[in-house]
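Note: hydrogens, waters and symmetry copies are ignored here, and every other heavy atom, side chains too, is used. Labels below follow one simple rule: chain letters A, B, ... track the order of the sequence lines, proteins then strands, and each chain is numbered from 1.
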There are 2 protein chains.
Amino acid sequence: MATIYDVSQLAGVSLATVSRVMNKNTNVSEKTKQKVLAAMAELGYRPNTFAQSLASNCSNSVGVLVSQLDGPYYGPMMAEIEAALRSDNRHVIIAVGHSDAAQEIDSVEFLLSKGCDALILDVEAISDDYLIKLSQSSTPIVLINRYIAEISDCCIYLNNELGGYMATRHLIDLGHRDIAYISGPAKKHDATERLEGHKRALAEVGVSFDPALCFEGDYKEDSGVEGMNYLFSQNKTFTAVVCANDQMVSGAISVCLERGMKIPQDLSFVGYDNIPFARYVSPKLTTVNNPIHEMGKMAALWLLKNLYKHDIEVENVFEPELVVRNSAIRKG
Amino acid sequence: MATIYDVSQLAGVSLATVSRVMNKNTNVSEKTKQKVLAAMAELGYRPNTFAQSLASNCSNSVGVLVSQLDGPYYGPMMAEIEAALRSDNRHVIIAVGHSDAAQEIDSVEFLLSKGCDALILDVEAISDDYLIKLSQSSTPIVLINRYIAEISDCCIYLNNELGGYMATRHLIDLGHRDIAYISGPAKKHDATERLEGHKRALAEVGVSFDPALCFEGDYKEDSGVEGMNYLFSQNKTFTAVVCANDQMVSGAISVCLERGMKIPQDLSFVGYDNIPFARYVSPKLTTVNNPIHEMGKMAALWLLKNLYKHDIEVENVFEPELVVRNSAIRKG
DNA sequence: GAGAAACGTCGTAAATGGTCGCCATATAGT
DNA sequence: ACTATATGGCGACCATTTACGACGTTTCTC
């Protein structure tokens, strides 16, 4: 492999000059620049990133920690992050935290030990305190899907409470009053926020929240199944169900279909997240759009702006949006 | 940040000795080893990976190139790769090729420039020749989802032809003879192989393949919609449809449902890939299992064995498996 | 039992391939 | 001619690995 030294020899200039043209330093004449570029091309020179990183103390890499890689949720986010960073010649290193505090911390340490310039974290189990302390270290972090007041500047998040409100409000506007709820795990912030929104919508029209009509799932399909079975076992009336994410809706609907029910005629459903499948499943899901990919993109742009000094605008907070399709209809 | 030098000072030994204990070199007495370990702990020492990589010419990183990150397909694969490599303290750098030759080559170059120890590639557009040449370079590669005879050792692949055969054979066994086919893009190897299997199953029972009953999609939901509309427009009889992947089945079924048809009573469907949603959609999809996550894992293990010298067994070729659920029934 | 060979343990110093500040020099503008 | 600015060279880092050799102890051999 050719080194910078070889290039400088061939081009008849010094090492520093070669380094300057690589780093787009302006103080290089066009003529020498061309000579160097030609030499690089002739040798098929490729700078050694390790040496660059060692000398410059910058790795051009950012670590991305997510809860899981399978599932429909993180793919679009990773795709946007990769695209944004890649276009600036930075690379992304991935790590998975499995929604477990110990593993999440372990992953952060891992990423740090690999010398990432910054971290993008979508973590659920790690405490606010840890994150606040981490943000004070020399490695910048940006949080997706989480709001911590003390470090709000580096938080990219969705107004989940509003989303939860919108889902239930939509059903209320459709005439429903007996609305069941299949929640995400109580330990996850977004899950409790969405539930809060649900309660607010209920309160707004004077309907009291009935804990018996609320099931705590874990955001996976199977818990939609469980949740639905639970709800039916309560022997209470309800004409609509809102689920804290689309995957649980999918599980819940499958239970109803197996019982010979018609959706949405017999029961209305509203989901959350608007994952790609929501459009193709039958009935097409009415759901709350969660612009997860945009948040991923924004996290990357945040880094481009604040760490790599690009002159761009970023926004931190995203608004949910109701996507009306066919899984919820007026109460008949 | 503490350096190896600081550690050596505190422990009262030389740099080489500290390096030796880090690299588990046996030639160091238990006593000095403990001294060094204590010093490292006291300083919170973390070796600088860039310096390590520069000196050892090994980055402990592997580049993973996939066609896309969103969609249900690559997530499980990435998850397995990450887990396997991570357990050996290696990290993965991701890149996306978008099924385009230029972008795929660009991504390979990108990954190479980042100094990956090896590459895991799931590429579709890059030519065999390029890959063969690439495999002769100093950076090992392993190919997922592709078979190239000249470099078969580093190919991890599924017997797609057999899978295509199984899908159609299942329908034949259920009494169907008029079977439509929605294919993947002709330029993708796996798509043509699956179609070959379909044709073989047909030929086996003396049914001639009717091009009018075959639509070339692009593996996405929308082309399932298109494909179904095309098939209906042909005014031909068919009692079953096999789609080259589950996403297209999803699109195809939605068209039927909108027309008021009952699935599988009016039309049987068999898919391919067995993506997670296939289990939760209604009707639950009969499909061919594509052990994509296992192939991802095996690719990682291949590297662990051949590059990082672990003593483990790996297998290259995977067999598809029919998963019978509810989207295909006996011809009525 | 003495001398030599072998071995285990550890230190020295030379890579590894860059970046970057500092300084000298060339060039251009006024 | 004087000064500001553009240009290029020199050499000190950056944090590690690793070949080589020093040194002391053990073991083998005659």
Check your understanding: Starting at the 5' end of DNA chain C, which residue's closest nucleotide do you reach first, B:Leu54 or B:Ser14?
Key -> B:Ser14

Check your understanding: Do the side-chain N or O atoms of A:Thr17 get closer than 4.0 angstrom to the phosphate oxygens (OP1, OP2) of D:dG9?
Key -> yes

Review point. Can you tell me if the side-chain N/O atoms of B:Ser56 get under 4.0 Å from OP1 or OP2 in D:dT16?
Key: no

Side-chain donor-acceptor pair under 3.5 Å between [X] and [Y], yes or no?
X	Y	value
B:Tyr308	B:Asp117	yes
B:Arg90	B:Ser59	no
B:Asp70	A:Tyr74	no

Check your understanding: Does A:Gly12 or B:Arg20 map to a spot on DNA chain D nearer the 5' end, using the closest nucleotide for each?
Key -> A:Gly12

Check your understanding: Nucleotide range of DNA chain C contacted by chain A, 5' to 3', under 4.0 Å to a heavy atom?
Key -> C:dG17 to C:dC22

Review point. Is any NZ, NE, NH1 or NH2 atom of the basic residue among B:Arg86 and A:Asp106 found under 4.0 Å from an Asp or Glu carboxylate oxygen of the other?
Key: yes

Exercise for review: Would you mind checking if A:Glu124 and A:Arg146 are paired as a salt bridge, meaning a charged N to carboxylate O distance below 4.0 Å?
Suggested key: no

Roughly, in whole Å, what's the span from [atom1] in [X] to [atom2] in [N]?
X	N	atom1	atom2	value
A:Lys35	D:dT7	NZ	P	13 Å
B:Leu15	D:dT18	CG	C1'	12 Å
B:Phe50	D:dA15	CZ	C1'	11 Å
B:Gln52	D:dC14	CD	P	17 Å
B:Asn23	D:dA19	CG	P	12 Å
B:Asp6	D:dA15	CG	P	9 Å

Point to revise | Side-chain touch B:Leu85/B:His91, heavy atoms, less than 4.5 angstrom | key: no

Review point. Is the gap between the ring centers of B:Tyr147 and B:Tyr157 under 6.0 Å?
Key: yes

Review point. Counting any heavy atom closer than 4.0 Å, what does B:Ser19 reach on the DNA or RNA strands: base, sugar-phosphate only, or nothing?
Key: base

Practice item. Scan A:Ser53 against the nucleic acid and name what it touches under 4.0 Å (heavy atoms): base, sugar-phosphate only, or nothing. Key: nothing

